[in-house]
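Below is one structure; the comments refer to it alone.
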Amino acid sequence: MNRQGGRSRSLRPYHQGQADFFCALYAVINALVITYGIGLGTARQIFSTTLGKISEHPFLWRSTLNNETDFYWLVEYLLGFSFSSGPLALHTLVPAGAGFQEKKFGLEHRNLRDVNLYRKPERKPACGLNAGELWTVLRHWLPEDCDPRHSERVDYCYPPAERPAANDKGDNGDKAEAPGCMEESGVPHGQRALLLRFHRYLPFSDQPVISHWSTARAFYGEDLLLFDATADPEAIHRLPLAECVVSRADICREKSILLETSSLFLIERTGVRLAG
């Protein structure tokens, strides 16, 4: 406890990652954890290689460090490399809102020279669905989680007994494996994951207080459970349908979370392992 001016306040350390803006990078990595159970060594290799490539382009590097972009290009860049060798399938929402369609990646998604930073808070909706209709579409993609532990607002990533140990492979100084070498993380993985970006608004605020990329792997009732890199207990770890909208015009005190439908990526494992 620290006393200043006769008043005391509790000191809390920042979590690793709170001072950077790499949530999009973590979201893609966590999607691969869900679908293929990649381990810490592989995740570190992807992380370091990606940042190294971005640093070769000064304007991208500055925008990344200063949070001056929506990072959509980074997600496409990472997915372009991840899906070029398969076996993964990627889908996005159909503009008409009837469902989702497969997205193809070409060499242009692996080029960082002509990136559109897109500095606006959020992109235009990709379809005419409302939040309830979107939930119905996504239920056809993600499984239902019936674990009663998810009825409370706790850590929804995975149960404590299934957490990777601190000395997981790659944490002891050993050379990390290449991204194609699929070491297991010990986390049970499924067939599908959802990459998404959302914004949280406060009443009477024109700008979001939080804009965040995350990954989801299941529903629990009307809540979308996030498989998120944020360790802060006060962060958003689930998205309740009752609090979500898909249009900025519908934001209100009761519905403060805007889902960016144009930034939804539906990922599916289609083979046994990623190719090297």
Side-chain angles (χ1 to χ4, degrees), residues 17 22-40 42-43 46-47 71 75 78-79 82-83 86-93 99-100 102-103 131 134-164 168 182-198 212-233 235-241 243-244 246 257 259-261 263-274:
F22 299 150
C23 59
L25 176 51
Y26 276 105
V28 175
I29 289 174
N30 284 334
L32 296 178
V33 172
I34 293 174
T35 51
Y36 279 92
I38 68 171
L40 185 57
T42 301
I46 295 173
F47 192 91
F71 294 101
V75 173
L78 275 171
L79 293 178
S82 298
F83 293 89
L88 292 168
L90 180 72
H91 296 74
T92 54
L93 286 181
F100 33 81
E102 187 171 0
K103 180 179 176 66
L134 176 63
W135 250 231
T136 299
V137 171
L138 295 181
R139 282 186 182 281
H140 290 287
W141 188 262
L142 294 177
E144 181 75 18
D145 191 325
C146 300
D147 191 332
R149 286 172 290 188
H150 293 158
S151 63
E152 302 177 1
R153 290 184 176 273
V154 293
D155 183 355
Y156 304 104
C157 291
Y158 35 80
E162 297 173 359
R163 293 178 181 276
D168 192 5
M182 297 301 296
E183 46 169 317
E184 293 292 332
S185 66
V187 180
H189 49 270
Q191 291 287 125
R192 293 175 169 180
L194 171 68
L195 268 169
L196 69 153
R197 186 173 186 243
F198 65 87
H212 184 58
W213 283 92
S214 188
T215 307
R217 70 172 182 177
F219 278 93
Y220 182 82
E222 295 298 318
D223 292 0
L224 186 61
L225 302 182
L226 300 183
F227 190 74
D228 197 83
T230 304
D232 188 347
I236 296 176
H237 294 284
R238 66 163 71 191
L239 296 177
L241 171 60
E243 299 177 18
C244 293
V246 296
I257 300 174
L259 295 178
E260 195 171 280
T261 56
S263 297
L264 292 174
F265 295 91
L266 299 90
I267 301 170
E268 182 175 27
R269 184 178 84 238
T270 59
V272 178
R273 56 191 285 125
L274 286 177

Which atom pair, heavy atoms only, marks the closest approach of Ala24 to Val75? CB-CG2, 3.9 Å
If you measure from OG1 on Thr230 to NE2 on His237, what distance do you get to the nearest 0.5 Å? 6.5 Å
Quick one: does Leu138's side chain get under 4.5 Å of Leu266's, heavy atoms only? yes
Dump the intermediate steps for side-chain contact (heavy atoms from CB on, under 4.5 Å) on Asp223 and Leu241, then the final yes or no. CA-CA 6 Å; Asp223 292 0; Leu241 171 60; 5.9 Å; no
Roughly how far, to the nearest 0.5 Å, is the CZ atom of Phe227 from the CG atom of Asn30? 5.5 Å
Show, in sequence, the C-alpha distance, side-chain angles and deciding distance for Leu32 and Thr35, and conclude whether the side-chain contact (heavy atoms from CB on, under 4.5 Å) test is met. CA-CA 5 Å; Leu32 296 178; Thr35 51; 4.2 Å; yes
Distance in Å, Phe198 CZ paired with Leu239 CG, rounded so as to fall on 0.5 Å steps: 5.5 Å
Check: Leu134 and Leu259 side chains under 4.5 Å, non-hydrogen atoms: yes
Hey, would you say the Phe71 and Phe22 ring centroids sit under 6.0 Å apart? no
Is a donor on one side and an acceptor on the other found under 3.5 Å between the side chain of Glu144 and the backbone of Ala218? no
Check the orientation of Phe47 and Tyr26. Use parallel for under 30°, tilted for 30 to 60°, and perpendicular for over 60°. tilted
Could you tell me the separation between the CG atom of Leu40 and the OG1 atom of Thr42, rounded to the nearest 0.5 Å? 9.0 Å
Going by heavy atoms in the side chains, are Leu79 and Ile267 under 4.5 Å from each other? yes
Tell me, do Asp228 and His212 make a side-chain contact under 4.5 Å, heavy atoms counted? yes
Specify the closest pair of heavy atoms between Cys244 and Pro240, including all atoms of both residues, with the distance to one decimal. SG-O, 3.1 Å
Straight-line distance of Leu142 CG to Leu224 CG, nearest 0.5 Å: 6.5 Å
Among residues at least two apart in sequence or on other chains, which ones pass side chain to side chain contact (heavy atoms under 4.5 Å, CB included) with Ala27? Leu195, Trp213, Thr215
Taking only Lys NZ, Arg NE, NH1 and NH2, and the carboxylate oxygens of Asp or Glu, determine whether Glu222 and Arg139 approach each other closer than 4.0 Å. yes
Heavy-atom distance under 4.5 Å between the side chains of Asp145 and Phe219, does that happen here? no
To the nearest 0.5 angstrom, please state how far the CD1 atom of Ile34 sits from the CZ atom of Arg192. 13.5 Å
Residues which pass side chain to side chain donor-acceptor pair (under 3.5 Å) with Thr261, listed by chain and number, not counting sequence neighbours: none
Main chain of Ile257, side chain of Glu243: is a donor-acceptor contact present, judged purely on distance under 3.5 Å? no
